[in-house]
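Computed over heavy atoms, backbone and side chain alike; hydrogens, waters and symmetry mates excluded.
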Amino acid sequence: MQHILIVEDEESLADFLILELRYEGYAVDVVHDGRAGLEAALQQDYDLILLDLMLPGLNGLEVCRRLRAAKDTPIIMLTARDSVMDRVTGLDSGADDYVAKPFAIEELLARMRVIARREQKQKEEKKLVLSFKDLELDVESRILKKGPSAVELTNKEFELLVMFMRNVNRVLTRDILLEHVWGYDSAVETNVVDVYVRYLRNKLHDSDKDKYIQTIRGAGYVMR
């Protein structure tokens, strides 16, 4: 369950947000002035902060700046001011997104989901040890273990396996794999992906049963 902090001095809007977010399954805290919002944000590890721009005590821009000096909690700024310069100033102060009042709750929820997906992806990319079934890949030391046994990989096999293990259950096309493993400017053909998937399967003893990497005809490959 994601934990959200609302910093909003308009109590009717704050009450509306509490009701909607709790209905969507979020845990929610609310404060009604900037200083209390900054204190709460520094003391707790929230998944997201909904921060009003015009607040008593400290305005939203100052709260955002001070919080950014200490933490990288995602922030969506809420404000009735919707000029280009207001949006630019809010984003430059450290906000991740900017929603102008009045707004549809569906749009706000969609923007929250986008940020949640981005944060999850960044967390996955920072993971140093990836696991799937009986595979364990230490990204930093570049060591793959299959059960108790170590498996030696070439550089491209390693990079290919990292892509699969960071995208479990996601179908990866040959073009995506080619771009991420061989690079944008690579002159190699997409069939090189098939060759290296075969190499990888052989080393994992996966050539017959598709235990780790499955072929999706007409689409690409998926680890699941």
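L38 approaches L67 most closely through the heavy-atom pair CD1-N, 3.9 Å. Smallest separation of non-hydrogen atoms from Q2 and A116: NE2-CB, 3.6 Å. The two atoms that bring E136 and V129 nearest to each other are CG-CG1, 3.6 Å, heavy atoms only. The two residues C64 and A95 make their nearest non-hydrogen contact at SG-N, 3.4 Å. Looking at every heavy atom in both residues, E119 comes nearest to P74 through CD-CG, 3.6 Å. In this structure, F164 and L200 approach most closely via the heavy-atom pair CD1-CD2, 4.4 Å.
Screening residues 21-39 for salt bridge (Lys or Arg N to Asp or Glu O under 4.0 Å) gives no qualifying pairs among residues at least two apart or on separate chains.
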Exercise for the section: Applying side-chain contact (heavy atoms from CB on, under 4.5 Å), run through F158 and L137 and close with a yes or a no. Expected result: CA-CA 9 Å; F158 167 80; L137 182 64; 3.9 Å; yes

Practice task
Would you check, one step at a time, whether the test salt bridge (charged side-chain N to carboxylate O under 4.0 Å, His left out) holds for E8 with K101?
Solution key: CA-CA 12 Å; E8 171 61 66; K101 302 176 185 177; 3.0 Å; yes

Problem - Test log, rule side-chain contact (heavy atoms from CB on, under 4.5 Å), inputs Q44 and L5 - result: CA-CA 9 Å; Q44 284 253 39; L5 174 65; over 6 Å; no

Problem - V192 vs L178, side-chain contact (heavy atoms from CB on, under 4.5 Å): CA-CA, chis, key distance, verdict - result: CA-CA 8 Å; V192 77; L178 194 65; 3.7 Å; yes

Practice task
Show the numbers, then the answer: is there a side-chain contact (heavy atoms from CB on, under 4.5 Å) between E10 and D52?
Solution key: CA-CA 9 Å; E10 187 181 334; D52 187 25; 5.9 Å; no

Practice task
Walk me through it: do S93 and R66 pass the test side-chain hydrogen bond (donor to acceptor under 3.5 Å, both in side chains)?
Solution key: CA-CA 9 Å; S93 71; R66 295 191 189 188; over 6 Å; no

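Looking only at distances, a side-chain donor or acceptor of R68 sits under 3.5 Å from a matching main-chain atom of G94. No side-chain donor-acceptor contact under 3.5 Å links N59 to the backbone of L55. At least one donor-acceptor pair closer than 3.5 Å links the side chain of D138 to the backbone N or O of S141. With hydrogens and angles disregarded, no donor-acceptor distance shorter than 3.5 Å links the side chain of R170 to the backbone of V222.
Remark: L161 CG to K156 NZ distance equals 14.5 Å, nearest 0.5 Å. The structure places NZ of K133 at 7.0 Å from NZ of K211, a figure rounded to the nearest 0.5 Å. Remark: Q214 CD to R224 CZ distance equals 5.0 Å, nearest 0.5 Å. Note that the CG atom of D96 and the CZ atom of R111 stand 12.0 Å from one another [nearest 0.5 Å].
Residues L130 and R166 meet the side-chain proximity criterion, which asks for heavy atoms closer than 4.5 Å. At a threshold of 4.5 Å between non-hydrogen side-chain atoms, the residues R201 and T215 count as touching. Side-chain contact between L109 and L21 is present, with at least one heavy-atom pair separated by less than 4.5 Å. A 4.5 Å side-chain heavy-atom check between E106 and L108 finds every atom pair outside the cut-off.
No option in T73, I76, D97 other than I76 meets the side-chain contact (heavy atoms from CB on, under 4.5 Å) test with L48. With Y221 as the partner, the side-chain contact (heavy atoms from CB on, under 4.5 Å) test is satisfied by one option alone out of N167, I176, D194, L160: D194.
Side-chain contact check for D134 and Y212: at least one donor-acceptor pair (N or O, by modelled atom type) lies under 3.5 Å. Between the side chains of D47 and Y26, no donor-acceptor pair is found at a separation under 3.5 Å.
Note on I75 and Y98: same hydrophobic cluster, where clusters join Ile, Leu, Val, Met, Phe, Trp and Tyr whose side-chain heavy atoms are under 4.5 Å apart, directly or indirectly. At a threshold of 4.5 Å between side-chain heavy atoms, the hydrophobic network of Ile, Leu, Val, Met, Phe, Trp and Tyr places M112 and L53 in two separate groups. Placement of L13 and V7 in two distinct hydrophobic clusters is found when ILVMFWY residues are connected by side-chain heavy-atom separations under 4.5 Å, directly or transitively. In the hydrophobic cluster analysis, where Ile, Leu, Val, Met, Phe, Trp and Tyr join through side-chain heavy atoms closer than 4.5 angstrom, V193 is grouped together with Y196. Under a hydrophobic-cluster definition in which Ile, Leu, Val, Met, Phe, Trp and Tyr are linked whenever side-chain heavy atoms come within less than 4.5 Å, directly or via other members, Y199 and V162 are assigned to the same cluster.
Atom CG of D45 has 12 or fewer heavy atoms from other residues, nucleotides or ligands within 6.0 Å. M54 CE: 12 or fewer foreign heavy atoms inside a 6.0 Å radius.
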Can I get a per-line list of side-chain donor-acceptor pairs under 3.5 Å for residues 145-155, giving both atom names and the distance, sequence neighbours left out?
residue	atom	partner	partner atom	Å
T154	OG1	E157	N	3.3
T154	OG1	E157	OE1	3.4
N155	OD1	R142	NH2	3.3

